[in-house]
Amino acid sequence: MTSHDTPHDVAQLTSQQRIKAIIGASSGNLVEWFDFYIYSFCALYFSHAFFPSGNPTTQLLQTAGIFAAGFLMRPVGGWLFGRIADKYGRRQSMMISVLMMCGGSLMIAVLPTYETIGAFAPFLLLVARLFQGLSVGGEYGTSATYMSEVSESGKRGFFASFQYVTLIGGQLLALLVLVVLQQLLTLEELRAWGWRIPFVFGALAALVSLNLRKSLTETTTASERKDKDAGSLRGLLKHKRAFITVLGFTAGGSLVFYTFTTYMQKYLVNTAGMDTKTASAVMTCALLVYMILQPVFGALSDRIGRRTSMLFFGGLATLCVLPIMHALKDISSPYAAFGLIIIALAIISFYTSISGLIKAEMFPVEVRALGVGLSYAVANAMFGGSAEYVALQFKAWHVEEYFYWYVTIMCLISFIVAIRMPDPSRSGLLK
């Protein structure tokens with residue numbers, strides 16, 4: 001047993017040790033999300049390599065189908081890594097998940113094309129993607145739990161907010177790497193071999209994160225991990241109310257998050273008629289501001305309370321989604337679009353800054369990582385992962401406004417759940 005596996009009194013950690021632990025935990029989060037998003041951003045350049053030549057739209061659809069399959073693996077990842085984290089330790093689970101992401105990225109980077117191995121090429125791409133989906137599904141619950149447990153009482157909202165800082169950071173880093181490659185390589189080079197570079201970069205970054213995570217202090221004790229309910233669904237079923245509560249507010253939270261982050265760029269181009277490059281610039285700047293907002297709103301939750309933050313999120317989102325989406329539909333000024341998107345992202349920050357922490361506060365230590373990971377992954381796969389598909393489907397049916405109402409209703413459900421939720425500052429199980 002190494003010194004990192006022995007039970008520690010987390011309360012005895014110095015501020016420096018806590019910061020180091022937060023960096024180690026969140027580094028993996030950054031890498032996981034970079035690797036997950038780079039697939040989506042690079043699809044344009046590699047879809048022809050894995051699917052037989054034909055209609056580019058069909059190729060992109062097949063590539064998008066494999067992207068969606070990654071989302072479907074998240075609940076399995078949430079269950080598997082939550083179980084590992086509760087039964088064998090948070091550190092162990094986080095190391096395995098980042099190693100799995102490294103393997104998936106490396107596999108995509110070196111995959112032979114359809115031309116070389118035929119139908120095995122898209123099949124192996126799907127296998128790599130399923131590994132990545134499994135890994136990212138497990139990463140959220142374990143890193144959210146670990147960051148919540150290692151944070152200093154009274155500053156938990158601030159420290160836990162760095163989970164979404166790195167989640168958004170991964171998305172921005174993926175975008176930045178692609179922009180750099182577009183400047184350095186020609187379109188032909190990008191299509192031929194350039195698209196492989198970000199996946200190699202992602203795999204190497206995962207190894208750096210693995211090294212950082214090796215030295216993390218374990219937050220659970222051996223006796224907690226040996227508890228008969230540790231990491232079991234039977235143990236989780238004893239906390240049905242907490243599980244349903246988390247499902248309720250994550251459904252609205254995930255849906256509105258994906259609507260104003262990943263889908264928004266397509267919305268500005270397809271619906272508002274904005275130039276692709278302008279829409280990309282607007283969203284890059286908006287995501288950068290959104291990332292900076294997370295610690296601000298996390299620290300605010302330490303002052304006003306987690307339940308109050310959730311009430312602000314649910315209430316304001318219910319009132320504002322519809323008018324903001326309507327205003328963006330007919331917008332011509334990129335500055336006005338940026339302003340409206342920032343208002344929406346500020347409202348969403350009431351939720352995202354404490355998303356992992358508020359879940360961790362609802363479950364006891366023996367099923368905490370499983371409760372956080374599984375409830376998030378199920379709601380995220382159903383509502384977050386499908387946001388773009390549902391939005392585009394309503395648009396195809398010429399009833400785009402129904403999507404605005406769908407998001408609004410889900411935010412209202414989050415608000416109702418927040419009203420009925422016990423206040424974690426009084427009844428929270430995070431000691």
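The basis for the numbers below is simple: all heavy atoms, side chains too, and nothing from hydrogens, waters or symmetry mates. Along the sequence shown, residues carry numbers from 1.
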Identify the heavy atoms of Phe162 and Pro295 that sit nearest to each other, and give their distance.
-> CZ-CG, 4.0 Å

NZ of Lys87 to CG of Asp227: how many Å apart, nearest 0.5 Å?
-> 8.5 Å

Side chains of residues 385-392: which donor-acceptor partners sit under 3.5 Å, not counting sequence neighbours?
from   : atom 1 : to     : atom 2 : distance (Å)
Ser386 : OG     : Met382 : O      : 2.6
Ser386 : OG     : Phe383 : O      : 3.4
Glu388 : OE2    : Lys266 : NZ     : 3.2

Any side-chain heavy atom of Thr261 within less than 4.5 Å of one from Leu345?
-> yes

Does the side chain of Asn29 come within less than 4.5 Å of Tyr164's, by heavy atoms?
-> no

Just checking, is any N or O donor in the side chain of Thr145 or Thr142 under 3.5 Å from an acceptor N or O on the other one?
-> no

Minimum heavy-atom separation for His239 to Pro364, with atom names?
-> NE2-CG, 3.3 Å

Take Thr166 and Phe34 through the side chain to side chain contact (heavy atoms under 4.5 Å, CB included) test and state the conclusion after the steps.
-> CA-CA 9 Å; Thr166 48; Phe34 169 84; over 6 Å; no

Looking only at heavy atoms, the pair that brings Leu357 and Ala160 closest together is CB-CB, 3.7 Å

Donor-acceptor contacts, no H, no angles, side chain residues 74-84, under 3.5 Å, sequence neighbours left out:
from  : atom 1 : to     : atom 2 : distance (Å)
Arg74 : NH1    : Tyr258 : OH     : 3.4
Arg74 : NH1    : Asn380 : OD1    : 2.6
Arg83 : NH1    : Gly231 : O      : 3.1

Can you find a pair of side-chain heavy atoms, one from Cys102 and one from Leu207, that are under 4.5 Å apart?
-> yes

Taking only distance into account, with no hydrogens and no angle test, what donor-acceptor pairs under 3.5 Å do side-chain atoms of residues 173-186 form with protein atoms, sequence neighbours excluded?
from   : atom 1 : to     : atom 2 : distance (Å)
Gln182 : NE2    : Tyr45  : OH     : 2.8
Thr186 : OG1    : Glu189 : N      : 3.1
Thr186 : OG1    : Glu189 : OE1    : 3.4

The complete set of salt bridge (charged side-chain N to carboxylate O under 4.0 Å, His left out) pairs with one or both residues in residues 234-262, sequence neighbours excluded, reads Asp229-Arg234, Asp229-Lys238

What pairs of donor and acceptor atoms, side-chain ones from residues 196-206 against any protein atom, are under 3.5 angstrom apart with sequence neighbours left out?
from   : atom 1 : to     : atom 2 : distance (Å)
Arg196 : NH1    : Ala109 : O      : 2.8
Arg196 : NH1    : Leu111 : O      : 2.9
Arg196 : NH2    : Leu111 : O      : 2.9

Test log, rule side chain to side chain contact (heavy atoms under 4.5 Å, CB included), inputs Glu366 and Asp86 | CA-CA 6 Å; Glu366 69 275 7; Asp86 287 330; 5.9 Å; no

Exam field: side chain Gln294 to backbone Tyr290, donor-acceptor pair closer than 3.5 Å | yes

Can you tell me how far OG1 of Thr14 sits from CD of Glu152, rounded to the nearest 0.5 angstrom?
-> 10.0 Å

Return a table of donor-acceptor pairs under 3.5 angstrom between the side chains of residues 126-136 and protein atoms on other chains or two or more places apart.
from   : atom 1 : to     : atom 2 : distance (Å)
Arg129 : NH1    : Gln132 : OE1    : 2.5
Arg129 : NH2    : Phe36  : O      : 3.1
Gln132 : NE2    : Ser105 : OG     : 3.0
Ser135 : OG     : Glu32  : OE1    : 2.8
Ser135 : OG     : Glu32  : OE2    : 3.1
Ser135 : OG     : Ser97  : O      : 2.6

Where does the angle between the aromatic ring planes of Phe403 and Tyr406 fall among parallel (under 30°), tilted (30 to 60°) and perpendicular (over 60°)?
-> tilted

Euclidean distance, Thr276 OG1 relative to Met274 CE, rounded to 0.5 Å = 11.0 Å

Measuring from Asp302:CG to Phe159:CZ, what's the distance to the nearest 0.5 Å?
-> 9.5 Å

Begin from the C-alpha positions of Leu328 and Phe260 and carry the test side chain to side chain contact (heavy atoms under 4.5 Å, CB included) through to its verdict.
-> CA-CA 11 Å; Leu328 285 168; Phe260 283 97; 4.2 Å; yes

Check whether the side chains of Tyr140 and Ser355 place a donor and an acceptor atom closer than 3.5 Å, and report yes or no.
-> yes

Ionic contact status for Glu149 with Arg91, cut-off 4.0 Å | no

What are the two closest heavy atoms between Ser254 and Tyr376, and how far apart are they?
-> OG-CE1, 4.4 Å

Ignoring hydrogens and angles, tell me if any N or O in the side chain of Tyr267 forms a donor-acceptor pair with the backbone of Thr259 under 3.5 Å.
-> no

Could you tell me whether the side chain of Glu218 and the main chain of Arg90 form a donor-acceptor pair under 3.5 Å?
-> yes

Backbone of Pro112 reached by a side-chain donor or acceptor of Thr116 within 3.5 Å = no

With no hydrogens and no angle check, do the side chains of Ser353 and Ser161 hold a donor and an acceptor under 3.5 Å apart?
-> no

Taking C-beta and beyond as the side chain, do Asp35 and Tyr39 meet within less than 4.5 Å on heavy atoms?
-> no

Could you give the distance from CD1 (Ile341) to CG (Leu268), rounded to the nearest 0.5 Å?
-> 4.5 Å

Taking Arg307 for its side chain and Ala418 for its backbone only, find out whether a donor-acceptor pair lies under 3.5 Å.
-> yes

For Ile354 against Ser301, the heavy-atom pair lying closest together = CG2-OG, 3.2 Å

Would Ser148 and Arg368 count as a side chain to side chain contact (heavy atoms under 4.5 Å, CB included) if you check the C-alpha gap in whole Å, the side-chain angles of each, and the deciding distance to 0.1 Å?
-> CA-CA 11 Å; Ser148 302; Arg368 185 171 294 141; 6.0 Å; no

Under 4.5 Å between any side-chain heavy atoms of Val150 and Thr217, yes or no?
-> no

Shortest non-hydrogen separation from Ser151 to Ile22 and the atoms involved | OG-CD1, 3.9 Å

Check: Gln163/Ser143 side-chain N/O donor and acceptor closer than 3.5 Å = yes

On the 0 to 90° scale, with breaks at 30° and 60°, tag the Trp195-Phe46 ring pair as parallel, tilted or perpendicular.
-> tilted

Step by step, work out the ring-ring contact (aromatic ring centres under 6.0 Å, His included) result for Phe249 and Phe313.
-> CA-CA 10 Å; Phe249 65 65; Phe313 158 68; 8.6 Å; no

So CZ of Phe243 and CG of Leu370: to nearest 0.5 Å the spacing works out to 8.0 Å

Ser215 vs Lys20 side-chain heavy atoms within contact, under 4.5 Å | yes

Would you call Met283 and Met264 a side-chain contact if the rule is heavy atoms closer than 4.5 Å?
-> yes

Beyond-backbone contact of Ile347 with Cys320, side-chain heavy atoms, under 4.5 angstrom = yes

